[in-house]
Amino acid sequence: MRAARTILRYGPERVIVKKGEHGAISVTESSFFNAPAYPLTQVVDPTGAGDSFAGSMMGYLASIEDTSEKSIRSAMVYGTIIASFNIEDFSINRERNVQFSEISSRYHELQEAVRF
């Protein structure tokens, strides 16, 4: 968190930090958001999880053409969900066969898990 706040002083409006198995955080001058990682019982290969997180997050934002706070938070959750598929197998093997229904299911499971 301290590093993100320091980076904000250099000019960006937002800093998003991927924290591996701990998800990701978004920090602005006026907001903080923590997107937890989707919990898995088995990790095969974490290589590329950060790239799949970033790519899916940017892809989601581009597809909806909206960068509001709410949309960025949703994009971060989608990023952690796609990263969870990435680490279930080597390379992009698992992601090749992911169905949207699986993505949607994990999104709703994670949403329910953090609701309080």
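Below, each value reflects all heavy atoms present in this structure, side chains not excepted, and no hydrogens, waters or symmetry copies.
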If you round to the nearest 0.5 Å, how far is [atom2] of [Y] from [atom1] of [X]?
X   : Y    : atom1 : atom2 : answer
E29 : R5   : CD    : CZ    : 6.5 Å
Q99 : S104 : CD    : OG    : 12.5 Å
T6  : R2   : OG1   : CZ    : 7.5 Å
N93 : E88  : CG    : CD    : 12.0 Å

Residues in side chain to side chain contact (heavy atoms under 4.5 Å, CB included) with I7, at least two apart? P12, V15
Residues forming a side chain to side chain contact (heavy atoms under 4.5 Å, CB included) with S105, sequence neighbours excluded: E109
Just wondering, do [Y] and [X] contact through their side chains at under 4.5 Å, heavy atoms?
X    : Y    : value
I87  : V44  : no
I16  : V27  : no
E69  : R73  : yes
E102 : R94  : yes
P39  : L110 : yes
E112 : R115 : yes

Mind listing the side-chain donor-acceptor pairs of residues 74-84 below 3.5 Å, one per line with the distance, residues two or more places apart or on another chain?
unit_1	atom_1	unit_2	atom_2	d
S74	OG	K70	O	3.4
S74	OG	Y107	OH	3.3
T80	OG1	P36	O	3.4
T80	OG1	V77	O	2.8
S84	OG	I81	O	2.5
S84	OG	R106	NH1	2.7

Ignoring hydrogens, what is the shortest heavy-atom contact between S52 and S56? Give both atom names and the distance. O-OG, 2.7 Å
Please lay out, stage by stage, how F33 and I72 fare under the test side-chain contact (heavy atoms from CB on, under 4.5 Å). CA-CA 10 Å; F33 176 67; I72 288 174; over 6 Å; no
State whether a side-chain donor-acceptor pair under 3.5 Å links T47 with D45. yes
Could you tell me whether the side chains of S68 and S71 share a donor-acceptor contact shorter than 3.5 Å? yes
Same apolar cluster: [X] and [Y], side chain cutoff 4.5 Å:
X   : Y    : value
F85 : I92  : no
F90 : V98  : no
F53 : V17  : no
I64 : I103 : yes

